[in-house]
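This one's a predicted model, so the numbers in the text were calculated from it and none came from an experiment. Counting from 1, the numbers follow the sequence of the chain as shown.
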Amino acid sequence: MIKHSLALPATELGYWFIVNQGRIYLQEDQSVPCCALNELPFEVTETQICWLGDYKQRNCYLVVFDDRINDEQHWHSARTLLPHGEMLFQLAARATQVALYLQTHRFCGQCGSTMRLVNWELATLCPKCGHRCYPRIAPCVLVAVVKNDEILLARSNRHKVGFFSILAGFVESAETLEQAAIREVKEEVGIDITNLRYIGSQPWPFPHSLMTGFIADYVGGDIVCQPQEIAEAYWCKLTDLPETPSIHTLSGQLIALAQQLKLQK
(Lines give C-alpha, C1' and ligand atoms only; values in the text may rest on other atoms or scores of the structure.)
Protein backbone atom coordinates (compact mmCIF):
# COMPACT_ATOMS: atom_id res chain seq x y z
CA MET A 1 0.00 0.00 0.00
CA ILE A 2 1.23 3.49 -0.87
CA LYS A 3 1.94 5.53 2.28
CA HIS A 4 1.83 9.32 2.30
CA SER A 5 2.82 12.32 4.46
CA LEU A 6 5.90 10.56 5.81
CA ALA A 7 8.22 12.09 8.38
CA LEU A 8 11.65 10.71 7.53
CA PRO A 9 15.04 11.32 9.11
CA ALA A 10 17.41 13.47 7.08
CA THR A 11 19.71 10.48 6.67
CA GLU A 12 17.00 8.20 5.17
CA LEU A 13 18.50 6.30 2.22
CA GLY A 14 16.41 5.38 -0.78
CA TYR A 15 15.50 5.90 -4.41
CA TRP A 16 13.85 9.28 -4.89
CA PHE A 17 11.27 9.81 -7.64
CA ILE A 18 11.01 13.60 -7.74
CA VAL A 19 8.03 14.71 -9.86
CA ASN A 20 7.19 18.14 -11.22
CA GLN A 21 4.28 18.62 -13.65
CA GLY A 22 4.36 15.00 -14.78
CA ARG A 23 8.13 14.82 -15.30
CA ILE A 24 10.72 12.98 -13.22
CA TYR A 25 14.07 14.36 -12.08
CA LEU A 26 16.94 12.18 -13.32
CA GLN A 27 20.67 12.52 -12.83
CA GLU A 28 23.17 13.20 -15.60
CA ASP A 29 23.28 9.51 -16.55
CA GLN A 30 19.44 9.41 -16.60
CA SER A 31 19.27 7.36 -13.40
CA VAL A 32 16.93 7.84 -10.45
CA PRO A 33 18.72 9.51 -7.51
CA CYS A 34 19.72 6.98 -4.84
CA CYS A 35 21.01 8.80 -1.77
CA ALA A 36 20.09 10.18 1.64
CA LEU A 37 17.15 12.57 1.95
CA ASN A 38 19.42 15.46 2.91
CA GLU A 39 21.52 14.89 -0.21
CA LEU A 40 18.68 15.66 -2.61
CA PRO A 41 19.05 18.78 -4.74
CA PHE A 42 15.76 20.15 -3.34
CA GLU A 43 14.42 20.91 0.11
CA VAL A 44 11.27 18.89 0.78
CA THR A 45 8.64 18.61 3.53
CA GLU A 46 6.95 15.48 4.85
CA THR A 47 3.64 16.41 3.21
CA GLN A 48 5.36 15.95 -0.14
CA ILE A 49 6.76 12.43 0.51
CA CYS A 50 5.07 9.10 -0.27
CA TRP A 51 6.42 5.56 0.04
CA LEU A 52 5.98 3.74 -3.30
CA GLY A 53 7.60 0.35 -2.76
CA ASP A 54 11.12 -1.01 -2.91
CA TYR A 55 13.76 -1.55 -5.56
CA LYS A 56 17.01 -3.46 -5.12
CA GLN A 57 16.31 -3.79 -1.39
CA ARG A 58 15.95 -0.03 -0.91
CA ASN A 59 12.83 2.00 -0.19
CA CYS A 60 11.46 4.11 -3.03
CA TYR A 61 9.86 7.47 -2.34
CA LEU A 62 7.87 10.01 -4.28
CA VAL A 63 8.72 13.65 -3.74
CA VAL A 64 6.23 16.13 -5.21
CA PHE A 65 8.20 19.21 -6.22
CA ASP A 66 5.87 22.14 -6.90
CA ASP A 67 8.48 24.88 -7.22
CA ARG A 68 9.60 26.42 -10.48
CA ILE A 69 12.41 24.48 -12.18
CA ASN A 70 15.45 25.99 -13.85
CA ASP A 71 17.44 22.91 -14.90
CA GLU A 72 15.21 21.59 -17.69
CA GLN A 73 17.81 19.05 -18.83
CA HIS A 74 17.23 16.97 -15.68
CA TRP A 75 13.47 16.55 -16.11
CA HIS A 76 12.21 13.64 -18.20
CA SER A 77 9.13 11.68 -19.15
CA ALA A 78 8.70 8.40 -17.27
CA ARG A 79 9.08 6.79 -20.71
CA THR A 80 12.82 7.50 -20.43
CA LEU A 81 13.06 4.71 -17.84
CA LEU A 82 11.47 2.02 -20.04
CA PRO A 83 14.86 0.58 -21.12
CA HIS A 84 15.94 0.35 -17.45
CA GLY A 85 13.53 -2.50 -16.72
CA GLU A 86 9.86 -3.09 -16.00
CA MET A 87 10.12 -2.67 -12.23
CA LEU A 88 11.80 0.74 -12.37
CA PHE A 89 9.35 1.97 -15.02
CA GLN A 90 6.39 0.82 -12.91
CA LEU A 91 7.72 2.76 -9.93
CA ALA A 92 8.13 5.83 -12.15
CA ALA A 93 4.59 5.33 -13.43
CA ARG A 94 3.30 5.08 -9.88
CA ALA A 95 5.20 8.19 -8.85
CA THR A 96 3.84 10.36 -11.66
CA GLN A 97 0.29 9.09 -11.20
CA VAL A 98 0.26 9.65 -7.44
CA ALA A 99 1.81 13.11 -7.89
CA LEU A 100 -0.92 14.01 -10.38
CA TYR A 101 -3.57 12.80 -7.96
CA LEU A 102 -2.19 14.87 -5.09
CA GLN A 103 -1.94 17.97 -7.27
CA THR A 104 -5.44 17.69 -8.75
CA HIS A 105 -7.42 16.77 -5.62
CA ARG A 106 -6.61 19.68 -3.35
CA PHE A 107 -10.19 20.92 -3.54
CA CYS A 108 -13.51 19.09 -3.50
CA GLY A 109 -15.10 18.64 -6.91
CA GLN A 110 -18.53 18.56 -5.26
CA CYS A 111 -18.54 21.66 -3.00
CA GLY A 112 -15.16 23.34 -3.55
CA SER A 113 -13.84 22.97 0.00
CA THR A 114 -10.21 22.12 0.76
CA MET A 115 -9.66 18.35 0.74
CA ARG A 116 -7.69 16.48 3.39
CA LEU A 117 -5.64 13.31 3.05
CA VAL A 118 -6.96 10.53 5.23
CA ASN A 119 -4.29 8.84 7.33
CA TRP A 120 -5.06 5.14 6.71
CA GLU A 121 -5.09 5.00 2.89
CA LEU A 122 -4.28 7.06 -0.18
CA ALA A 123 -7.51 9.04 -0.43
CA THR A 124 -8.69 12.61 -0.02
CA LEU A 125 -11.79 13.46 2.00
CA CYS A 126 -13.84 16.63 2.06
CA PRO A 127 -14.52 17.59 5.71
CA LYS A 128 -17.60 19.59 4.66
CA CYS A 129 -19.62 17.28 2.43
CA GLY A 130 -17.87 13.94 2.93
CA HIS A 131 -16.88 13.49 -0.74
CA ARG A 132 -13.99 10.99 -0.99
CA CYS A 133 -11.59 10.60 -3.94
CA TYR A 134 -9.00 7.98 -4.89
CA PRO A 135 -6.29 8.04 -7.58
CA ARG A 136 -7.87 7.74 -11.01
CA ILE A 137 -7.09 4.77 -13.26
CA ALA A 138 -8.21 4.87 -16.90
CA PRO A 139 -8.26 1.36 -18.46
CA CYS A 140 -7.30 1.19 -22.13
CA VAL A 141 -7.34 -1.76 -24.55
CA LEU A 142 -4.63 -2.63 -27.07
CA VAL A 143 -5.58 -5.09 -29.82
CA ALA A 144 -3.22 -6.87 -32.20
CA VAL A 145 -5.43 -8.17 -35.02
CA VAL A 146 -3.91 -10.93 -37.16
CA LYS A 147 -4.98 -12.45 -40.48
CA ASN A 148 -2.93 -15.41 -41.73
CA ASP A 149 0.64 -14.05 -41.88
CA GLU A 150 -0.37 -10.39 -41.55
CA ILE A 151 -1.04 -7.99 -38.70
CA LEU A 152 -3.23 -4.90 -38.80
CA LEU A 153 -1.16 -1.77 -38.19
CA ALA A 154 -2.41 1.79 -37.99
CA ARG A 155 -0.96 5.27 -37.67
CA SER A 156 -2.69 7.63 -35.31
CA ASN A 157 -3.21 11.24 -36.31
CA ARG A 158 -0.87 12.07 -33.41
CA HIS A 159 2.06 9.98 -34.67
CA LYS A 160 4.73 10.84 -37.21
CA VAL A 161 4.54 9.53 -40.76
CA GLY A 162 6.06 6.06 -41.01
CA PHE A 163 5.38 5.03 -37.39
CA PHE A 164 2.69 2.38 -36.95
CA SER A 165 1.20 0.51 -34.01
CA ILE A 166 -1.73 -1.70 -33.12
CA LEU A 167 -5.17 -0.33 -32.30
CA ALA A 168 -5.94 1.20 -28.91
CA GLY A 169 -8.81 2.88 -27.12
CA PHE A 170 -10.24 3.71 -23.72
CA VAL A 171 -12.84 1.54 -21.99
CA GLU A 172 -16.20 3.26 -21.67
CA SER A 173 -18.54 3.28 -18.67
CA ALA A 174 -20.17 -0.10 -17.85
CA GLU A 175 -18.12 -1.84 -20.54
CA THR A 176 -15.95 -4.96 -20.19
CA LEU A 177 -12.40 -5.03 -21.56
CA GLU A 178 -13.51 -7.53 -24.21
CA GLN A 179 -16.45 -5.38 -25.31
CA ALA A 180 -14.16 -2.35 -25.52
CA ALA A 181 -11.66 -4.24 -27.68
CA ILE A 182 -14.30 -5.36 -30.17
CA ARG A 183 -15.92 -1.91 -30.27
CA GLU A 184 -12.66 0.02 -30.69
CA VAL A 185 -11.51 -2.11 -33.62
CA LYS A 186 -14.88 -1.73 -35.32
CA GLU A 187 -15.01 2.03 -34.73
CA GLU A 188 -11.44 2.80 -35.74
CA VAL A 189 -11.01 0.62 -38.83
CA GLY A 190 -14.43 -0.92 -39.56
CA ILE A 191 -13.53 -4.62 -39.27
CA ASP A 192 -14.85 -7.47 -37.10
CA ILE A 193 -12.69 -9.70 -34.89
CA THR A 194 -13.02 -13.02 -33.05
CA ASN A 195 -11.01 -15.33 -30.76
CA LEU A 196 -9.99 -12.50 -28.44
CA ARG A 197 -7.14 -13.56 -26.11
CA TYR A 198 -5.98 -11.52 -23.13
CA ILE A 199 -2.18 -11.29 -22.96
CA GLY A 200 -1.21 -8.88 -20.20
CA SER A 201 -1.21 -5.33 -18.90
CA GLN A 202 1.12 -2.39 -18.31
CA PRO A 203 0.71 0.82 -16.31
CA TRP A 204 1.05 3.80 -18.61
CA PRO A 205 1.41 7.15 -16.81
CA PHE A 206 0.33 9.46 -19.62
CA PRO A 207 -1.24 10.52 -17.43
CA HIS A 208 -3.00 7.66 -15.58
CA SER A 209 -3.79 4.76 -17.92
CA LEU A 210 -3.65 1.01 -17.46
CA MET A 211 -2.99 -0.66 -20.80
CA THR A 212 -4.54 -4.13 -21.31
CA GLY A 213 -3.35 -6.18 -24.26
CA PHE A 214 -5.20 -8.63 -26.52
CA ILE A 215 -4.55 -10.63 -29.67
CA ALA A 216 -7.54 -11.30 -31.95
CA ASP A 217 -8.27 -12.93 -35.29
CA TYR A 218 -9.82 -11.15 -38.27
CA VAL A 219 -13.37 -12.19 -39.21
CA GLY A 220 -14.45 -9.85 -41.97
CA GLY A 221 -14.93 -6.34 -43.26
CA ASP A 222 -12.83 -3.84 -45.17
CA ILE A 223 -10.54 -1.26 -43.59
CA VAL A 224 -12.31 2.08 -43.24
CA CYS A 225 -10.35 4.49 -41.06
CA GLN A 226 -12.12 6.72 -38.56
CA PRO A 227 -10.82 10.12 -39.74
CA GLN A 228 -10.74 11.71 -36.27
CA GLU A 229 -8.45 8.96 -34.92
CA ILE A 230 -6.64 7.05 -37.67
CA ALA A 231 -4.57 8.60 -40.45
CA GLU A 232 -3.90 5.29 -42.24
CA ALA A 233 -4.11 1.55 -41.62
CA TYR A 234 -3.15 -1.55 -43.58
CA TRP A 235 -2.40 -5.28 -43.36
CA CYS A 236 1.33 -5.76 -42.93
CA LYS A 237 3.41 -8.91 -43.34
CA LEU A 238 4.68 -10.04 -39.93
CA THR A 239 8.08 -10.59 -41.52
CA ASP A 240 8.31 -7.05 -42.93
CA LEU A 241 7.29 -4.51 -40.31
CA PRO A 242 7.68 -0.73 -40.50
CA GLU A 243 8.78 1.32 -37.47
CA THR A 244 6.72 0.12 -34.51
CA PRO A 245 6.73 0.64 -30.72
CA SER A 246 9.67 -0.51 -28.60
CA ILE A 247 9.66 -4.03 -27.17
CA HIS A 248 9.63 -2.34 -23.74
CA THR A 249 6.02 -1.28 -24.38
CA LEU A 250 3.01 -3.59 -24.28
CA SER A 251 2.21 -2.67 -27.90
CA GLY A 252 5.68 -3.79 -28.98
CA GLN A 253 5.36 -7.00 -26.99
CA LEU A 254 2.01 -7.85 -28.61
CA ILE A 255 3.50 -7.35 -32.07
CA ALA A 256 6.47 -9.56 -31.16
CA LEU A 257 4.12 -12.23 -29.79
CA ALA A 258 2.11 -12.20 -33.03
CA GLN A 259 5.35 -12.78 -34.93
CA GLN A 260 6.30 -15.63 -32.59
CA LEU A 261 2.92 -17.33 -32.96
CA LYS A 262 3.24 -17.10 -36.72
CA LEU A 263 6.64 -18.82 -36.64
CA GLN A 264 5.23 -21.64 -34.52
CA LYS A 265 2.59 -22.54 -37.12
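Here CZ of Phe65 is found 4.5 Å from CZ of Phe42. Values are rounded to the nearest 0.5 Å. Once rounded to the nearest 0.5 Å, the distance linking OG of Ser156 with CD of Gln228 reads 12.0 Å. Between Leu88 atom CG and Leu82 atom CG the span is 10.0 Å, to the nearest 0.5 Å. With values rounded to the nearest 0.5 angstrom, Cys129 atom SG is found 4.5 Å from Gln110 atom CD. Here the OH atom belonging to Tyr198 is positioned 6.5 Å from the OG1 atom belonging to Thr212, to the nearest 0.5 angstrom. Once rounded to the nearest 0.5 Å, the distance linking CG of Leu241 with CG of Leu153 reads 6.5 Å.
Within 6.0 Å of the CZ atom in Arg116, the count of heavy atoms belonging to other residues, nucleotides or ligands does not exceed 12. For Asp222, the CG atom sits in a loose shell: 12 or fewer heavy atoms of surrounding residues, nucleotides or ligands are nearer than 6.0 Å.
Taking the side chain as every heavy atom from C-beta outward, Leu152 and Val146 never approach each other to under 4.5 Å. By the 4.5 Å heavy-atom criterion applied to side chains, Ile18 and Ile24 are not counted as neighbours. By the 4.5 Å heavy-atom criterion applied to side chains, Ile2 and Val98 are counted as neighbours. Two residues are said to be in side-chain contact when any heavy atoms from C-beta on lie closer than 4.5 Å; Glu232 and Phe164 meet this criterion. In this structure, the side chains of Lys160 and Glu243 come closer than 4.5 Å at one or more pairs of heavy atoms. Between Pro139 and Ser209 the shortest side-chain heavy-atom distance does not fall below 4.5 Å. No side-chain heavy atom of Ile151 sits under 4.5 Å from any side-chain heavy atom of Trp235. Counting only heavy atoms from C-beta outward, the side chains of Val189 and Val224 never approach each other to under 4.5 Å.
Of the possible donor and acceptor atoms, none in the side chain of Glu184 sits under 3.5 Å from a partner among the backbone N and O of Cys140. The backbone N or O of Leu257 sits nowhere less than 3.5 Å from a side-chain atom of Gln260 that would complete a donor-acceptor pair. Looking at Glu12, its side chain never comes within 3.5 Å of a backbone N or O of Leu37 through a donor-acceptor pair. Glu229 places no side-chain N or O within 3.5 Å of a backbone atom of Glu188 that could act as its donor or acceptor partner. Formation of a donor-acceptor pair under 3.5 Å by the Thr104 side chain with backbone atoms of Leu100 is found in this model. Remark: side-chain polar atoms of Ser77 are not paired, donor with acceptor, to backbone N or O of Thr80 under 3.5 angstrom. Between the side chain of His76 and the main chain of Gln73, a donor-acceptor pair closer than 3.5 Å is present. Using a distance-only test at 3.5 Å, with no hydrogens or angles considered, a donor-acceptor pair links the side chain of Asn157 to the main chain of Ala231.
Here the options are Leu26, Leu52, Thr96, the test is side-chain contact (heavy atoms from CB on, under 4.5 Å), and the partner is Phe17; only Leu52 passes.
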Under the side-chain contact (heavy atoms from CB on, under 4.5 Å) rule, what do Leu8 and Ile49 come out as? Steps first, then yes or no, please.
-> CA-CA 9 Å; Leu8 301 176; Ile49 300 177; 3.9 Å; yes
Test side-chain contact (heavy atoms from CB on, under 4.5 Å) on Trp16 and Cys35 and set out the steps.
-> CA-CA 8 Å; Trp16 302 92; Cys35 60; 4.0 Å; yes
When you look at Arg94 and Gln90, which way does the side-chain contact (heavy atoms from CB on, under 4.5 Å) test go after all the steps?
-> CA-CA 6 Å; Arg94 184 174 298 168; Gln90 286 187 357; 5.5 Å; no
Pair Trp75-Asn20, side chain to side chain donor-acceptor pair (under 3.5 Å): steps then yes or no | CA-CA 8 Å; Trp75 297 89; Asn20 179 287; over 6 Å; no
Could you please spell out the steps behind the side-chain contact (heavy atoms from CB on, under 4.5 Å) verdict for Ile193 and Phe214?
-> CA-CA 11 Å; Ile193 58 175; Phe214 295 85; over 6 Å; no
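Minimum heavy-atom separation, Arg183 to Phe170: NH2-O, 3.1 Å. The heavy-atom pair separating Gln30 from His84 by the smallest distance is O-CE1, 3.6 Å. The minimum heavy-atom distance linking Asp29 with Ser31 is given by the pair OD1-OG, 2.6 Å. The nearest pair of heavy atoms linking Leu6 to Cys50 is CD1-C, 4.1 Å. Among all heavy-atom pairs drawn from Gln103 and Gln21, the shortest one is NE2-N, 4.4 Å. Counting all heavy atoms, side chain and backbone alike, Leu254 lies closest to Ala144 at CB-CB, 4.2 Å.
By the salt bridge (Lys or Arg N to Asp or Glu O under 4.0 Å) test, Lys237 pairs with Asp149, sequence neighbours left out. In this structure, Lys56 has no salt bridge (Lys or Arg N to Asp or Glu O under 4.0 Å) partners at least two apart in sequence or on a different chain.
Ion pair Glu121/Arg132 flagged as a salt bridge, since at least one NZ, NE, NH1 or NH2 atom sits closer than 4.0 Å to an Asp/Glu carboxylate oxygen. Ionic pairing of Asp192 and Lys147 is not present here: no N-O contact between side-chain nitrogen and carboxylate oxygen is shorter than 4.0 angstrom.
Relative ring orientation between Tyr101 and His105 is described as tilted, the plane-to-plane angle lying within the 30° to 60° band. Ring geometry for His74 versus Tyr25: interplanar angle under 30°, hence parallel rather than tilted (30 to 60°).
No hydrogens or angles considered: nothing links the side chains of Glu150 and Tyr218 as a donor-acceptor pair under 3.5 Å.
Relative to the ring axis of Phe206, Arg79 places its NZ or CZ within 45° and under 6.0 Å from the centre.
Pairs engaging residues 115-159 under the ring pair (Phe, Tyr, Trp, His ring centres under 6.0 Å) rule: His159-Phe163 [sequence neighbours left out].
When ring centroids are compared, Phe89 and Trp204 come within the 6.0 Å threshold.
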